[in-house]
Amino acid sequence: METPRCHTCAHLAPDAASCELRHLAIPDAANTSCASHPRFGRLRRPFAIGPVLHCANGTATLLQGSPDDRRTRGRLLDLIAAIDVRGTEPLSPRDAIVVWQLRELREPRAFHHLDRIDAAMVINRAREEGRLPVLGLFGAALHSVASTLPGPAPGETDAPHEFLLRFSLAGRLLLFSTVLVGVAAFGGFLLLEVELWQRAGSGQTLLHLGVGAALATLVAGLWLWAGRRVFAKLGIAFASNEAKPDAAP
């Protein structure tokens with residue numbers, strides 16, 4: 001399906017040279033587009049969604065970035081709350097832009113919606129393939145948690161949410177497993193210390209808590225490094241902003 005362009009958009013001024021919605025000059029309306037086009041879906045109150053791109057000769061040029069203000073964020077939250085993931089079907093172009101823009105804005109109130117969408121897509125894909133891999137299991141657990149947690153109220157901050165928004169679902173799984181590996185390694189070093197203490201018959205052992213913690217941190221760091229290498233080789237996004245919508249319509 002061809003992406004609707006500005007020259008067929010109701011927001012283009014009569015002189016066909018500017019966008020009335022964004023107050024932006026549009027020198028080549030036939031090759032310019034954004035997610036606010038009515039054909040992507042009617043909005044009760046039209047507003048600027050995502051960037052404006054000029055696409056010609058196989059290249060895309062950014063004419064205007066995604067807007068960011070309190071009203072825009074509120075309307076984006078309304079849109080993402082209405083997104084319903086159906087099977088393995090990809091998100092509509094506008095829904096994909098809404099998800100991408102809220103990720104870029106690091107909006108804490110969108111956290112549970114983003115997790116709901118990410119997890120639902122992973123779960124549905126796994127079910128479609130007749131299996132539920134580790135990522136699917138993690139997605140199912142994340143989905144159950146995200147569906148019961150409301151987002152922060154306006155004006156509130158949530159540092160953990162803002163931090164997690166930086167990572168994809170697979171990236172969060174890798175971070176979670178890194179913590180588990182570090183804890184397991186530290187537990188193993190403690191057991192080894194206890195064994196050495198029993199054999200030595202005194203409190204003086206070769207390993208101490210500080211050394212054990214340092215070694216456990218090293219093991220966790222190596223696990224994270226190896227995971228990042230595997231992700232890069234398999235083309236799996238670690239950061240949430242690594243998976244952006246296609247620039248060219």
Side-chain angles (χ1 to χ4, degrees), residues 73 76-77 80-81 83 85 88 90-91 95-96 98-129 131-152 156-192 209-245:
R73 292 196 181 206
L76 288 173
L77 289 171
I80 197 173
I83 294 178
V85 179
T88 57
L91 297 177
D95 287 348
V98 169
V99 170
W100 170 76
Q101 186 171 348
L102 285 169
R103 289 192 195 279
E104 290 293 298
L105 295 176
R106 304 283 192 258
E107 173 53 57
R109 292 172 292 170
F111 175 79
H112 60 298
H113 292 303
L114 294 171
D115 273 349
R116 171 180 60 83
I117 293 169
D118 288 345
M121 295 184 71
V122 170
I123 294 170
N124 291 343
R125 190 182 309 117
R127 288 174 177 171
E128 184 75 15
E129 297 173 355
R131 59 189 179 86
L132 200 62
V134 175
L135 188 58
L137 292 172
F138 182 71
L142 189 61
H143 183 271
S144 63
V145 173
S147 61
T148 60
L149 294 178
E156 291 185 357
T157 59
D158 198 323
H161 286 185
E162 293 180 356
F163 174 76
L164 288 174
L165 276 176
R166 302 177 184 179
F167 305 97
S168 66
L169 185 63
R172 296 175 199 174
L173 176 60
L174 179 57
L175 291 175
F176 181 68
S177 65
T178 299
V179 174
L180 291 182
V181 168
V183 172
F186 184 63
F189 290 132
L190 286 181
L191 291 177
L192 178 59
L209 290 178
V211 176
L215 292 175
T217 301
L218 177 61
V219 171
L222 290 174
W223 176 271
L224 180 61
W225 175 82
R228 291 293 305 276
R229 292 292 298 272
V230 172
F231 275 26
K233 185 175 182 179
L234 299 179
I236 300 175
F238 177 69
S240 62
N241 57 9
E242 290 177 10
K244 297 184 178 180

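Just so it is clear, the structure is predicted and the values come from calculations on it, not from any experiment.
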Which atom pairs, one a donor and one an acceptor, fall under 3.5 Å between side chains of residues 177-185 and the rest of the protein, sequence neighbours left out?
from, atom 1, to, atom 2, distance (Å)
S177, OG, L173, O, 3.2
S177, OG, L174, O, 2.8
S177, OG, W223, NE1, 3.0
T178, OG1, L174, O, 2.7

Indicate the atoms forming the closest heavy-atom contact of [X] with [Y], along with that distance.
| X | Y | value |
| --- | --- | --- |
| L76 | V98 | O-CG1, 3.8 Å |
| R106 | R103 | NH1-O, 2.7 Å |
| D95 | L91 | CB-CB, 4.1 Å |
| L102 | A110 | CD1-CB, 4.0 Å |

Handout entry: Between OG1 on residue T217 and CG on residue L224, distance to nearest 0.5 Å
Key =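 Here the rounded value is 12.0 Å.
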
Practice task
Look up atom CZ in R109 and atom CG in L77, then write down how far apart they are to the nearest 0.5 Å.
Solution key: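 R109 atom CZ to L77 atom CG measures 5.0 Å (nearest 0.5 Å).
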
Handout entry: With sequence neighbours excluded, residues passing side chain to side chain contact (heavy atoms under 4.5 Å, CB included) with L222
Key =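 Result, side chain to side chain contact (heavy atoms under 4.5 Å, CB included) vs L222: L218.
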
